[in-house]
Visitor: 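Below is one structure. I have some questions about it.
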Amino acid sequence: GDTISPNASAVGGTVTCGTQSIVINGASTTTGSSFAWAGPSGFTSNLQNPSVSNVGNYILTVTGPNACTNTATAPVIGDFAVPNVTASGGTITCAQSSTTITGSSTTPGATLLWNGPGGFTSNQSSVVVSTVGDYILTATAPNGCTSTQTASVLPDANLPNATANGGTLTCAVDTVILNGATT
């Protein structure tokens with residue numbers, strides 16, 4: 001009788017923050033074969049190329065027309081590494097009405113996006129801004145994972161204080177002495 005097992009092959013892939021499900025591929029050159037997958041978290045499928053989202057090994061069982069079987073494994077790995085990101089703000093003073101905020105990521109291929117007060121956006125690493133507030137820098141890695149840092153732009157805390165004392169003008173008092181001071 002026919003006791004030859006069908007051939008079986010399987011190809012997995014990688015799920016990421018940006019690609020949360022993938023298609024794994026099963027194949028057999030044995031005509032008339034059927035496919036059955038089993039995988040992590042109770043996954044089962046009779047499709048030749050099912051869509052999966054969990055990390056782990058998916059076992060393909062190929063059954064030939066003679067009821068003989070063969071198996072192949074499709075490994076699915078996860079790439080969920082977040083990019084690193086740094087950001088620094090600055091100070092706006094009376095003499096200097098703008099400051100430069102800077103940000104960076106050493107994650108290869110990461111892109112940067114600033115969001116700030118008044119709908120401010122920029123994809124540059126170094127930006128001149130003139131509005132006080134928090135600027136959020138988001139780094140996005142090629143795998144779609146993101147991380148954020150905040151750069152604060154503050155007003156000058158050393159503004160001079162000023163005080164003034166006067167008096168009240170009336171019909172009888174037509175002059176007053178104004179005293180001004182600063183610390």
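Here the structure is a predicted model, which means the values were calculated and not measured.
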Visitor: Output, in order, the C-alpha distance, side-chain angles, deciding distance and verdict of side chain to side chain contact (heavy atoms under 4.5 Å, CB included) for T99 and V129.
Guide: CA-CA 6 Å; T99 188; V129 297; 4.1 Å; yes
Visitor: Any non-hydrogen side-chain atom of V52 less than 4.5 Å from a side-chain atom of I22?
Guide: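 They are in side-chain contact.
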Visitor: Does a side chain donor of either T102 or S88 reach within less than 3.5 Å of an acceptor in the other side chain?
Guide: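 The answer is yes; a qualifying pair exists.
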Visitor: What's the separation between atom OG1 in T138 and atom CG in N123, rounded to the nearest 0.5 Å?
Guide: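 Rounded to the nearest 0.5 Å, the OG1-CG separation comes to 12.5 Å.
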Visitor: Are I92 and V127 linked, directly or through other ILVMFWY residues, by side chains that come within less than 4.5 angstrom of each other?
Guide: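 Yes: a chain of side-chain contacts under 4.5 Å links I92 to V127.
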Visitor: Please round to the nearest 0.5 Å and tell me the distance separating atom CG of L113 and atom OG1 of T121.
Guide: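 The OG1 atom of T121 is 6.5 Å from CG of L113, to the nearest 0.5 Å.
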Visitor: Please tell me if the side chains of F35 and S45 come closer than 4.5 Å, counting only heavy atoms from C-beta onward.
Guide: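 Not in contact.
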Visitor: First locate atom CG of L60, then atom OG of S9, and finally report the distance between them rounded to the nearest 0.5 Å.
Guide: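 Answer for the CG-OG pair, L60 versus S9, is 8.0 Å.
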Visitor: Evaluate N7 against T29 for side chain to side chain donor-acceptor pair (under 3.5 Å), listing each step before the verdict.
Guide: CA-CA 7 Å; N7 69 338; T29 58; 2.9 Å; yes
Visitor: Is there side-chain contact between T30 and P65, with heavy atoms separated by less than 4.5 Å?
Guide: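 When only atoms from C-beta onward are counted, P65 and T30 do touch, with a gap below 4.5 Å.
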Visitor: Assess the residue pair F80 and N143 against the criterion (side chain to side chain contact (heavy atoms under 4.5 Å, CB included)); give the C-alpha distance rounded to whole Å, side-chain angles, the decisive distance to 0.1 Å, and a yes or no.
Guide: CA-CA 7 Å; F80 303 108; N143 65 4; 5.8 Å; no
Visitor: With rounding to the nearest 0.5 Å, note down the distance linking OG in S28 to CG in N70.
Guide: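 Here the rounded value is 8.0 Å.
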Visitor: Is there a side-chain contact between V153 and I101 (heavy atoms, below 4.5 Å)?
Guide: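 A side-chain contact exists here, since the closest heavy-atom pair is under 4.5 Å.
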Visitor: Taking the side chain from N84 and the backbone from S105, do they hold a donor-acceptor pair closer than 3.5 Å?
Guide: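 Checking the backbone N and O of S105 against the side chain of N84, no donor-acceptor pair under 3.5 Å is found.
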Visitor: Quick one: does W114's side chain get under 4.5 Å of I136's, heavy atoms only?
Guide: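 No. Closest side-chain heavy atoms not under 4.5 Å.
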Visitor: Show your reasoning for whether side chain to side chain donor-acceptor pair (under 3.5 Å) applies to N57 and T73.
Guide: CA-CA 6 Å; N57 286 326; T73 301; over 6 Å; no
Visitor: Between F120 and V132, is there shared hydrophobic-cluster membership here, with clusters defined by ILVMFWY side-chain heavy atoms closer than 4.5 Å?
Guide: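 Linked within one cluster.
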Visitor: Any chance CD1 of I4 has more than 12 other-residue heavy atoms, nucleotides or ligands included, within less than 6.0 Å?
Guide: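 Atom CD1 in I4 is not packed in, count stays at 12 or less.
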Visitor: Give the intermediate values and the outcome of side chain to side chain donor-acceptor pair (under 3.5 Å) for residues T14 and D79.
Guide: CA-CA 7 Å; T14 304; D79 178 2; over 6 Å; no
Visitor: How long is the gap from CH2 on W37 to CG on N46, to the nearest 0.5 Å?
Guide: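 Rounded to the nearest 0.5 Å, the CH2-CG separation comes to 12.0 Å.
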Visitor: Would you check, one step at a time, whether the test side chain to side chain donor-acceptor pair (under 3.5 Å) holds for D156 with T91?
Guide: CA-CA 6 Å; D156 186 353; T91 303; over 6 Å; no
Visitor: Tell me whether I59 shares a hydrophobic cluster with I24, the cluster being built from Ile, Leu, Val, Met, Phe, Trp, Tyr side chains joined at under 4.5 Å.
Guide: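 No, I59 does not connect to I24 through the hydrophobic network.
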Visitor: So if you build clusters from Ile, Leu, Val, Met, Phe, Trp, Tyr with side-chain heavy-atom gaps below 4.5 Å, do F43 and V55 land together?
Guide: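 Yes, it is one cluster - the side chains of F43 and V55 are joined through contacts under 4.5 Å.
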